[in-house]
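Here's the structure we're looking at; comments come further down.
So that the names make sense, note that chain A is the first sequence line, chain B the second, and so on, each numbered from 1.
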There are 2 protein chains.
Amino acid sequence: MADKKVPESTISRLFIYLREVTELAKLNIRTISSSELGERTNLSDAQVRKDLGYFGQFGVSGSGYAVKELKEALEKILGRDKTLKVALLGAGRLGAALLSYAGFGKDGLEIVAAFDRDPRKIGKETAGVTIQGIDRIAEEVRKNDISIAVLAVPAGAAQEVADVVTGAGVECLLNFAPVSLNVPENVKVKDVDLSRELAILSYFALKNNSNGETG
Amino acid sequence: MADKKVPESTISRLFIYLREVTELAKLNIRTISSSELGERTNLSDAQVRKDLGYFGQFGVSGSGYAVKELKEALEKILGRDKTLKVALLGAGRLGAALLSYAGFGKDGLEIVAAFDRDPRKIGKETAGVTIQGIDRIAEEVRKNDISIAVLAVPAGAAQEVADVVTGAGVECLLNFAPVSLNVPENVKVKDVDLSRELAILSYFALKNNSNGETG
DNA sequence: TAGATTGTTAATCGATTAACAATC
DNA sequence: TAGATTGTTAATCGATTAACAATC
């Protein structure tokens, strides 16, 4: 049972493979080899086979992978068939945008509760969800079986809110606040920081510029 | 001169250090050791010193790093003093949101041109930028010295637009379209896919659930 | 000086890539 | 059968961590 640990980078690529085979299925392509799939995703054939190998044997020697079956296998592995409950922390500008973001449903996620500290926001409704005070977090998490919390609060409030929500038993956080959160070690945090992505890119742009000058 | 190659993960962490020392400077804290900085960012002291070591010697044995100097050094390394020109490709819903996104300026980036294929959008203005047809890309890139392109077009159009813009000499792309782009090898692409981030997180949430059941 | 902390080299760890026997 | 391609093990590569002499 104790499968070897799967790298997060593998999980991330699995979604890329799924995207591709979904496309291939639409085009009525029946089978694909690891090297073809790798070409389409800018990855190596070895990488494709290794990644899939963590989860079983999906291919056929000599002919490759059946597109339809691989698609279904990936959907199952990645839990695309299940719906998870999400709590939104912070109903400001970003929070409101996320509440009305249509993509969540497609990804098997459903925002079932939203919280804010601002008394003027409490009781208001956006996209079918009523905003509640943060003192209600623990009870709502339990009641609704919430497994993911999205932190869309200001940087200064993020740690406190993270404490409350992890204290209530939530183990997965998507953190939009630009701070390094301290959480218990069973909790998984994913930081999303568009500013930083852009900044990294601009670092490379600057480097290219100066290379151009000297080289 | 030929400095050893700096890992992208190091660059990414440099922004985290910068965020932290900016905070420390506000609090009038004068010096910080690698282990204290590591504690505040959930990284090890060795990691902090290694990362900084790629760019020079900023610390003082026995006392650590001068906050103000480290902040200034990081800003310089990361190019926070320079402004780069950005082209926005695709002026749909996401594109419009990015155009009005206030954070770009803070990050040393300026959207100087926007393009869309839809004739009904061409000529319209958002946030001070007039939307142009995609046939104008090459000339505008040259004229404005654009070094970064943000792709906010539908998946089906992304590759074609990427070809045009890289053909015009842009070497850094921020790609919001959920496709694997093929670009020349001197071009740096950064994919931003909120759906995938969420999906990865939900994968971990599901795994935690099933662990809970069996363990 | 004694204590603290750096910068850097060496050791470890983990992920990617290459290779190839097994198999369709 | 011959050709193609898998699954998996071994080799390589690169990043993180540990260790410690140098230094304030």
Practice item. Taking A:R19 for its side chain and B:P178 for its backbone only, find out whether a donor-acceptor pair lies under 3.5 Å. Key: yes

Review point. Does any N or O in the side chain of A:N42 come within less than 3.5 Å of the main-chain N or O of B:L181, such that one atom is a donor and the other an acceptor?
Key: yes

Exercise for review: Report yes or no: does A:D116 contribute a side-chain atom to a donor-acceptor pair with the main-chain N or O of A:A91 at less than 3.5 Å?
Suggested key: yes

Check your understanding: Looking across every strand, which nucleic acid part, if any, lies under 4.0 Å from B:S34 by heavy atom: base, sugar-phosphate, or nothing?
Key -> sugar-phosphate

Review point. Once you round it to whole Å, what is the distance between C1' of D:dT5 and CD of A:E39?
Key: 15 Å

Point to revise | Between C1' of C:dT5 and CG of B:L70, the distance in whole Å | key: 15 Å

Point to revise | Salt-bridge present (A:K143, A:E140; N to O < 4.0 Å) | key: yes

Practice item. Starting at atom CG of A:D45, determine the distance to atom P of D:dA4, rounded to an integer number of angstrom. Key: 15 Å

Check your understanding: Hey, is CD on A:E197 packed in by over 12 heavy atoms from elsewhere, all under 6.0 Å?
Key -> yes

Point to revise | Passing candidate, side-chain contact (heavy atoms from CB on, under 4.5 Å) with A:K71, options A:E75, A:K68, A:E69 | key: A:E75

**Study point:** Nearest-Å distance for atom pair CZ/C1', residues A:F55 and D:dT8
**Key:** 16 Å

Exercise for review: List the protein contact pattern of nucleotides 11-24 of chain D with one symbol per nucleotide (5' to 3'): B for base contact, S for sugar-phosphate-only contact, - for none; contact means a heavy-atom distance under 4.0 Å.
Suggested key: ----SBBBB---BB

Point to revise | A:S12 (side chain) donor-acceptor with A:E8 (main chain) under 3.5 angstrom | key: no

Review point. Does the pair A:R40/A:E36 count as a salt bridge with the N-to-O cut at 4.0 Å?
Key: no

Review point. How is the base pairing of DNA chain D summarised as a dot-bracket string, given the Watson-Crick and G-U wobble criteria with both distances under 3.5 Å, [ ] for crossing and | for another strand?
Key: ..||||||||||||||||||||||

